[in-house]
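Every chain is numbered from 1 and lettered A, B, ... according to where its sequence line falls, protein lines coming before strand lines.
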Amino acid sequence: MELGGDSVPDSYDFTSIERKWQDYWRERSLFHVERREDRPKFYYLDMYPYPSGELHMGHVRNYIIGDAFARYKTMQGFNVLHPMGWDSLGLPTENAAIKFGVHPVQWTEQCVGIMKQQFDRLGISYDWSREIDTSDPEYYGWTQWLFLQLYNSGLAYRGPGLVNWCPECGTVLANEQVVGGRCERCDTLVERTTREQWFFKITDYAEALLEDLELLEHWPERVVRMQEHWIGRSEGFSFTLEIEGLDEEMEVFTTRIDTIYGLTFMVLAPEHPLTSRLTGGTEFEEPVQQFCQRAMAESVMERTAEDTEVEGVFTGAHAIHPLTGERVPIWVANYVMMDYGTGAIMAVPAHDQRDFEFARKYDMPVVPVIQPEGAELDGETMTEAYIGDGEQVNSARFSGQSNRAAMEQIADHMEAEGLGHRDVSYRLRDWCISRQRYWGAPIPVIYCDECGIVPVPEEELPVMLPEDAEFTVTGDSPLSRHEEFMQVQCPRCGRPARREADTMDTFVYSAWYYLRYPSPHEDEAPFNRDDVEYWLPVDQYVGGIEHATGHLMYSRFITKVLHDLGWVSFREPFARLFTQGMVYKDGAKMSKSRGNVVTPDEINDEYGADTGRLFSLFVGPADQDTEWSDESVIGAHRFLWRVWRLATENMGAWNADFRADLPSDGSEEQRQIRRKSHQTILKVTDDFEEMRFNTAIAAIMELSNDLASFVQEMDAEDAADRAVFSEGLWTLVVLLSPITPHICDELWARMGLEPSLVEEQWPEADEGLAEEETITIVVQINGKVRDNIDVPAGTDMDDVVELALEREKVAKYVEGKEIAKTIKVPEKLINLVVS
RNA sequence: GCCGGAGUGGCGGAACUGGUAGACGCACCAGACUCAAAAUCUGGCGGUGGUCAACCCACUGUGCGGGUUCGAAUCCCGCCUCCGGCACCA
C-alpha cells in the first residue's frame, strides 16, 4: 500500500503540513528557552546518542517519548529545557569511522547532519541553540579540566591494575564495559592483564553512591537494585597472617569471622604477588608458576564458567593461624579472584562450599565449628558445607553460644589484640578511564624525567587532539607515534618532556554533559554556576536500561565529586529516571547489522511523522519492550485520518467561541458528550504525568469515536449542539497535540485558532461535568454477577438492594432462600449471600 | 545460586487502593457503498453448550496447584516458564 502524501487522495496531505509547521516552529524559535523566574523550570533530558547515522524507529521511540512529555510540560506552564547533543568522541565513533574509511571528524559531521535532519522531520522540540558535541575542543577541553580537578583531589591516579583488555579494539576497558566476559562494543572475549592505566577513584565514593540511592525515589526499582549489586557492599573482618619462616604476611577479608576456628588452609589467587615470593627458589616454584600461568591465561569466561572445577596447587609455605598458632598450608587456586577482597582467603571447608570441594579434592581436614540445630556435623562424613547459623563449637572460649554472638565476640577480641579490624569490602572497582585509542580527549598530563607526572596547567587547555594522526588499531596509543604532539616542555622545569598518549574513555564525556546544556557556550568555566543551579537537577531523565551500572553510576559519581569540590549544590544529578523499552522486529532487537530496521524516513514518507509518533507511543507501555508491527502503523495512520475528517468535514458545526453557547444543562446527549470531553482531560493528564501514553491515546480515541457518533445525530444549526461538539473537538486537538503536533497545529489553524498549540495552555477539566450522572450497580448473588441496575449517582445502596430484589433475575436466585449477608459497595455493587 | 520484572482473546495490550475481565487498536467475519477491488462506513468477535435466526440464558476462562475473602488477573503459600542484571564475592 502506498499513501504517498499528495500523490494519493486517500489521506490528508501530511507531507506538506508537517514541513509547514516544522518551518513555523523554527522560524519563531518556539523551542528556545532561557532562564525565567515567572514559571517553574523543568529540565527534561534524553540520553544523547553517538552519531551513528543509523537512526531507526527503535531509537526514535525514546525521543518521541521525550518530545511528547516535554511538549506536555510546556503546555502546563513549565519553562522546559529540552536539549540534544552528540556523544561523538570515543570508541563507537572511531570504530565506525574506521569501518567506513573516513576520518572521525568527517564521520561525525556527516552523521550529525543526517540525524539532526531526522529529528527535525519528526518534529521534535529541541532547543538547538544548546546543541553540544563532545568532539568539539570546547567541550572536551572542559572534560580535561574535569580530569585535572580529580587529579588535584587525589581522585585520579595512574597505576598498575588488573584490567580488561579487548584484543579486537586494542584497548583496555572499564569493568562496566565488559558484558558477560565480552567487550560490549565488539563482543570479543575480554582478556585480563596487568597494565599501567589511569583510574578514577570511584571506590572512594562507594558508600556515598550506595547511601544516596535512597534519595532516588523516582528511579525504577530495578536500576537501584542493579547499582546496589554493582557496588556490592559486604561487611566483614580483615586480618593478617604471618607466614612461617618468611618476613611476609598475607591479608585476608572474611564475612564469616565466626568460622575462623574452622580455618584449615589458606588460598591465594593465581595473580597474587605472594605466589612467587613464597615459592621463589623452592621445589614448588615451577609447579606453582605453571599453574598460575595456565589459570591466568584463561579468559574471564572460562575462569568463571559454572562447570569450571576448583583446582589448585600447594605452595609449600605455611601461615600461622592468628588465634590458635597452628600452621596452615597456603595453596593457590583458580577459584580465588585477585580483584575482590585481598585476592587471598581463609578457607573454612566445613562452612563454605567451594572450600569444601577443594578440601575433599586435595584431602585436607574439614573442621566444623558451627552445629546446626538438631544435627551433628562430622568433618569426616559431611557431604556439603553448612553455611547456616547454629551453635558455636570447637572454638575455644567462644564455643557454646550462637555463632552470631560468637562473631561479634571474636571480632572484639581480635580488634583488642590488634590482630585485625572490622571492615567493609566492595565489589565496585576503580574506574579505568584511559584508552589506547586515537579518537578521544588526550589525558592532560606530561611526563618529565625530572618532575615525574606533571598535570597540564588549566590555562593550556584544551590539549588538542591532532587531526593528522594515524589511528589504526595496533594495541598501543596511536598518539605516541605523533612526535609533534608528544614533544612538549615540562610546565614545571621547562625541560623536554613527553605527553600522555592515552585518551579518555567515552563515558568520561557523558558523565557531565547534562551540566553543559544550561550554558553550552560558557568559555570561562565548564558551566555557568547560576544556570546550573537554576536548571539542575534534571527533572526527568530518559534512556536505555543498558546504562544502569555504567553511565548512570559515573554521572552520579562525577556529580558528587563536583559537589564536594563546591561546584554544584546538589548530590544527585537525575531526580527522576525512566528507562524506555526497546523495539524488536521479527523477534530481534532492531539493528542495522541484523537488517531488521525500519527508519523514520520510510515512515515519514509513507505515513508522515505524526503516524510514526502516534504508533511509537501507542504500541504499549513506554518502559516495556515492544514488537514492531506494520499493521499497527497503518492503524495509527487511519486514526489520524479519521480525526482529520472529523474536524475538516464538520467545520460547518465548529464554533470557535463555543464557550458562550455551552448549554448549562442540555440534553442527555449533550451532557454525555461534555462528560466525555472532561473525563478525557482528566484521564489524559493523569496518564501523561506517569508517561502512560498508550492509555492516554486510547482515551483520546474513545473521545474521537464518541464525537463521530455525536456528529451523526446532532443538529448543525443548533447552537448548543454546535458548542458541545466544538468543545469536544477543541479538547481532542489540544490533548493530542503533544503526541502528533503537526496535524494538530494544522487543524488548530483551520479552526481559526492561534497561535500554535505549542503556546497553548493545557486544558483543565471541570470535575463536576466529568462526573457520571447514572451509575451501573452490579448485582452479585454469592459473588457471581447476575444482573446490573442503572441508578442515579448518589442513590442510597439500601434502595439499590430494594430495587435488586424486585428484579426477576435476582428473584430467581433468591427465591426460597435466606439472605445471610448483604455486601454493599457504594457506587459499585451489591452482593447478596444466600444459602 | 542471588536480585529485579513478566506470564490475560488469534495479536499488541486495558482493568484505580480486591468489586461487571478483555478498554483502545490490529487481525478476522458479516453487511453497506462499488461493475469490481481498494479505501471508507455499520455491526459482530474469549471458549463451550442451551433447538442459539434474534434478544436471551448457563457453565467456563487471566501460566500451574492450593489458600484467604461475600467476591481474586489483583492478596498469601508452593511450583513452572520466559526476560533482564549479578555471580567460584571469600
Taking atom [atom2] of [N] as reference, at what distance in whole Å does atom [atom1] of [X] sit?
| X | N | atom1 | atom2 | answer |
| --- | --- | --- | --- | --- |
| R645(A) | rU40(B) | CZ | C1' | 6 Å |
| D687(A) | rA14(B) | CG | C1' | 11 Å |
| I781(A) | rG19(B) | CD1 | P | 20 Å |
| R427(A) | rA87(B) | CZ | C1' | 8 Å |
| N694(A) | rC24(B) | CG | C1' | 9 Å |
| M797(A) | rC70(B) | CE | P | 18 Å |
| R642(A) | rA39(B) | CZ | P | 13 Å |
| E546(A) | rG84(B) | CD | P | 13 Å |

Candidate nucleotides [options], ranked by approach to the side chain of [X] - the nearest:
| X | options | answer |
| --- | --- | --- |
| I345(A) | rA90(B), rA39(B), rG25(B) | rA90(B) |
| N831(A) | rG71(B), rU40(B), rC89(B) | rG71(B) |
| R786(A) | rA58(B), rC88(B), rA21(B) | rA58(B) |
| R225(A) | rA27(B), rC3(B), rC86(B) | rC3(B) |
| V310(A) | rC88(B), rG4(B), rA39(B) | rC88(B) |
| I823(A) | rC24(B), rG19(B), rC3(B) | rG19(B) |
| N788(A) | rU40(B), rU20(B), rA90(B) | rU20(B) |
| E702(A) | rA21(B), rA23(B), rC89(B) | rA23(B) |

If we take the [atom1] atom in both [N] and [M], what is their distance in whole Å?
| N | M | atom1 | result |
| --- | --- | --- | --- |
| rG9(B) | rG5(B) | C1' | 23 Å |
| rA38(B) | rG22(B) | C1' | 31 Å |
| rA39(B) | rC33(B) | C1' | 11 Å |
| rG7(B) | rG12(B) | C1' | 15 Å |
| rC24(B) | rU8(B) | C1' | 16 Å |

Need the pair for [N]. Rule: Watson-Crick or G-U wobble, both distances under 3.5 Å, any strand; none if unpaired.
| N | answer |
| --- | --- |
| rG4(B) | rC83(B) |
| rC56(B) | rG50(B) |
| rG78(B) | rC64(B) |
| rC11(B) | rG25(B) |
| rC89(B) | none |

Run the salt-bridge test on [X] and [Y] with the 4.0 Å N-O cut-off and return the result as yes or no.
| X | Y | result |
| --- | --- | --- |
| R422(A) | E235(A) | no |
| K361(A) | E309(A) | yes |
| R354(A) | E357(A) | no |

Query raised in the report: Taking the side chain from H321(A) and the backbone from I260(A), do they hold a donor-acceptor pair closer than 3.5 Å?
Result: yes
Query - Presence of donor-acceptor pair under 3.5 Å, side chain of Q780(A) and base of rG19(B) - result: yes
Report task. Answer yes or no: does atom CD of Q353(A) have more than 12 heavy-atom neighbours from other residues, nucleotides or ligands under 6.0 Å? Result -> yes
Query raised in the report: Which is true for K809(A) with a 4.0 Å heavy-atom rule: it touches a base, it touches only sugar-phosphate, or it touches nothing?
Result: sugar-phosphate
Query raised in the report: Distance from I697(A) atom CD1 to F639(A) atom CZ, nearest 0.5 Å?
Result: 8.5 Å
